[in-house]
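In listed order, ligands and their atoms are each counted from 1. Here, residue 1 is the first one in the sequence, and each next residue gets the next number.
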Amino acid sequence: MSATPTGAAAKPFVSHPIRMTLNRRDIQLDVLPWTTLLDLLREQLDLTGTKKGCDHGQCGACTVLLNGKRVNACLTLAVMCDGAELTTIEGLASGEDLHPMQKAFIKHDAFQCGYCTPGQICSAVGLAREGRAHDTAQIQELMSGNLCRCGAYNNIRDAIEEALPACRAQGGEQ
Ligand code: FES
Ligand code: FES
């Protein structure tokens, strides 16, 4: 007797072809339907700058810019990114020239271990584009989805406050 239930012939899982612009490069690849954008970046594309802190949408370490908006890559399926424009921490600098937000984080010592930092920086760039943070309290509130166990919050806030005008000039406010 076979252990396979009758009538339940196993179907192979199907990969889906997607295209996206990733850090200004057009790419095309096949992804399984359950692969998250975070795992796609880290495991398949070797872009390990985007971090996995919780995998449940609770820490913000995986924040990337999807069509200019900040999202948690751990809660985004890769297949949902077909046709999207994606920017990760690896795509923010122009060659050797760091993005204004990266420069400000260094200047203000806005990190310690560095694990939350890519998510903090991508989130801050997204925040600048949203055009909603007009004072210190709003910056703190609108960055509250990015946790930092090293407690660099005050320096993160100072860095963002300084870099916001330059980011808005560079990336446009929406
Ligand atoms: S890893 Fe995505 S929010 Fe924590
Ligand atoms: S710098 Fe270590 S968690 Fe933020």
Over 12 foreign heavy atoms within 6.0 Å of CD, Glu141: no
Protein residue, atom and distance nearest to atom 1 (S) of ligand 1, heavy-atom basis: Asp55 N, 3.2 Å
Ligand-side contact atoms (ligand 1) for residue partner Gly53, heavy atom cut-off under 4.0 Å: 1 (S)
Protein N, O or S atoms lying under 2.8 Å from atom 2 (Fe) of ligand 2, listed by chain and number: Cys113 SG, Cys150 SG
4.5 Å side-chain heavy-atom contact, Asp39 and Gln44: no
Among Met101, Lys103, Lys107, the one residue meeting side-chain contact (heavy atoms from CB on, under 4.5 Å) with Glu162: Lys107
Interatomic spacing from CE in Met143 to OG in Ser123 - rounded to 0.5 Å: 4.0 Å
Cys54 neighbourhood, listing ligand 1 atoms whose heavy-atom distance to it stays under 4.0 Å: 1 (S), 3 (S), 4 (Fe)
Same apolar cluster (I L V M F W Y, side chains within < 4.5 Å links), Leu29/Val64: yes
Pairwise distance CG(Leu38) to CG(Leu47) - rounded to 0.5 angstrom: 11.0 Å
Atoms of ligand 1 close to Gly57 [distance to a heavy atom under 4.0 angstrom, numbered from 1]: 3 (S)
Element-labelled atoms of ligand 1 that are located less than 4.0 Å from some non-hydrogen atom of Gln58: 3 (S)
Value rounded to 0.5 Å, distance of CG in Asp97 from CG in Leu92: 12.0 Å
Within 6.0 Å of CZ in Arg24, more than 12 heavy atoms from elsewhere: yes
Cys62 backbone or side-chain N/O/S under 2.8 Å from atom 4 (Fe) of ligand 1: no
Atom indices of ligand 1, in the order listed, that fall short of 4.0 Å to a heavy atom of Cys59: 1 (S), 3 (S), 4 (Fe)
side-chain hydrogen bond (donor to acceptor under 3.5 Å, both in side chains), paired with Thr88, selected from Thr48, Thr50, Thr63, Asn23: Asn23
Cys74 near atom 2 (Fe) of ligand 1 via N/O/S, less than 2.8 Å: yes
Co-membership, hydrophobic cluster, residues Ile139 and Tyr153, 4.5 Å side-chain: no
